[in-house]
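For reference, the structure is listed below as structure tokens.
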Protein chains: 2
Amino acid sequence: MQTEKRRTQADRRAETRAQLIAAARALFAERGFADTGTPEIAAAAGLTRGALYHHFADKTALFAAVVEQEHAAVAAGIEAAGGAMPSDPVAALLAGSEAFFAAMRDAGRRRILLIDAPAVLGRTTLDEIDARHGLETLVCGLRDAMDAGVIRRLPVLPLAQLFGALFDRAALAEPDQQPEFQTAVAAMLDGLRT
Amino acid sequence: MQTEKRRTQADRRAETRAQLIAAARALFAERGFADTGTPEIAAAAGLTRGALYHHFADKTALFAAVVEQEHAAVAAGIEAAGGAMPSDPVAALLAGSEAFFAAMRDAGRRRILLIDAPAVLGRTTLDEIDARHGLETLVCGLRDAMDAGVIRRLPVLPLAQLFGALFDRAALAEPDQQPEFQTAVAAMLDGLRT
DNA sequence: TGTTTGCATACATACTGCCTGTATGTTACC
DNA sequence: GGTAACATACAGGCAGTATGTATGCAAACA
């Protein structure tokens, strides 16, 4: 058989990187960044620490790659749900938040993105990653709503980051309290209507 | 002189605990939890690691004590500003948020309470500490406003925790963007008016 | 065109230093 | 004399680095 005995360097590189990221994601999700060691990660990926430190500068860089991937997955989930966008800008924002909460159902993802990432990567680094993925759509949604005269005109970027914080906090609520949090978030968004 | 050669055990205990907490606070504030070692802390306190581990179960417990102290200080600052509370409930809430931002000016405090604490102590533990100190006043302020019919009636506790997240995020904004964040927060609070 | 030679990349193994937590010893209080 | 407060000594583990080995790749050569 030898399904893939011949492989290009780029293939090897991409594959082992993916294996390391996948193994790290699983362990970081379960035990958190601090309580997960690089020997564990390498073993789970079927590799050695040498491979890990060949592909990533340090443990933090590997974590950053995991965060990047998770963030992209969340953004993709929101984009995918954006197909059936309602015409009302506020309703569109609500639909987006719904998609965000759906993407955040996974407890491991919450731990990685909302608990550990701010402390491990720092706010500024995390904001950069956020700006590359999800923030833009939120800013656009808010700006559209303002341009349409549907909500109050306010500084857009701060408002988007504040709503991001709201969404994050709501996503962290216990499952049984989730509905109340979401209605509260919806009410705060609704309160901005002119 | 021998200002205090004779001391009771409780005095010794309280004093060394305070020294350890103070030294830990300074180092955690500057370098963060992960990058601060217990040898450093003990040395800065003029003690040894033995004393540290005699008074605290582990490094995390010492950090929790620091967080508790900082949280209490913030709550005290807000309480102190509460003397001249305006009659309008929403204005009172705004005044409270102002006092919160003032208490959060210190960068080290922001790092300890808003960056490291969630990751080190976990959300649930942190929520418990929060419930013991600052959250109650926020809940009361919101409930008063609802009872007075000034703002929409919503689930109080979730709303308070969401506003807590808003305040935290606004406090983390860069100093030059702080005004815009605060106006946005004020607008969101104002939007809840009936 | 096929082979070989040289090099860079991918990965493994070995080593050092540090830190955390614990166990044991010594001093101060009561 | 006994207990609490602290210091010293020890064991295990982890992060990061340095070094060694194998694999793919590209160009020179036949």
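The sequence lines fix the lettering, A, B, ..., with proteins before strands; numbering per chain opens at 1.
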Examine D:dC6: is either OP1 or OP2 under 4.0 Å from a nitrogen or oxygen in the side chain of B:T16? Give yes or no.
-> yes

Listed partners of B:H55 passing ring pair (Phe, Tyr, Trp, His ring centres under 6.0 Å), at least two apart | none

In whole angstroms, how far is the C1' atom of D:dT23 from the CD atom of A:E15?
-> 15 Å

Interatomic distance where CZ belongs to A:R13 and P belongs to D:dT23 [whole Å] | 19 Å

Contacts of B:H54 meeting ring pair (Phe, Tyr, Trp, His ring centres under 6.0 Å) (sequence neighbours excluded), chain-then-number -> none

Residue set satisfying side-chain hydrogen bond (donor to acceptor under 3.5 Å, both in side chains) with B:E79, at least two apart, ordered chain then number -> none

Looking at residues at least two apart in the chain, or sitting in another chain, which of them share a side chain to side chain contact (heavy atoms under 4.5 Å, CB included) with B:A91?
-> B:P86, B:D88

Under 4.0 Å from any atom of DNA chain D, heavy atoms only: list the residues of residues 51-67 of chain A that qualify, in numerical order.
-> A:Y53, A:D58, A:K59

Modelled atom types, side-chain donor and acceptor of A:R49 and A:T38, under 3.5 Å = yes

Mind listing the residues from residues 25-46 of chain B sitting with a heavy atom below 4.0 Å of DNA chain D? Number order is fine.
-> none

Provide the full list of ring pair (Phe, Tyr, Trp, His ring centres under 6.0 Å) pairs with a residue in residues 112-140 of chain A, sequence neighbours left out, each pair given once.
-> A:H71-A:H133

B:L189: side chain to side chain contact (heavy atoms under 4.5 Å, CB included) partners, not counting sequence neighbours = B:V90, B:L93, B:L94, B:F163

Produce the list of close N/O pairs, under 3.5 Å, pairing protein atoms with atoms of nucleotides 16-18 of chain C; give distances to one decimal.
none

Between D:dA5, C:dT22, D:dA7, which nucleotide gets closest to the side-chain atoms of B:R49?
-> C:dT22

Where B:I41 and B:L20 come nearest, the two heavy atoms and their spacing = CG2-O, 4.1 Å

Report, one line per pair, each donor and acceptor closer than 3.5 Å where one atom sits in a side chain of residues 167-176 of chain A; sequence neighbours left out.
unit_1 : atom_1 : unit_2 : atom_2 : d
A:R169 : NH2    : B:D127 : OD2    : 3.4

Among residues two or more places apart or on two chains, list those pairs meeting ring pair (Phe, Tyr, Trp, His ring centres under 6.0 Å) that have a residue in residues 12-45 of chain A.
-> A:F28-A:F33, A:F28-A:F63, A:F33-A:F63

For A:R17 and C:dA10, what is the distance between atoms CZ and P respectively, to the nearest whole Å?
-> 10 Å

Please tabulate, for the side chains in residues 135-162 of chain B, all donor-acceptor contacts under 3.5 angstrom to protein atoms that are two or more places apart in sequence or on a different chain.
unit_1 : atom_1 : unit_2 : atom_2 : d
B:T137 : OG1    : B:G134 : O      : 2.7
B:D147 : OD1    : B:R153 : NH2    : 3.1
B:R153 : NH2    : B:M146 : O      : 3.4

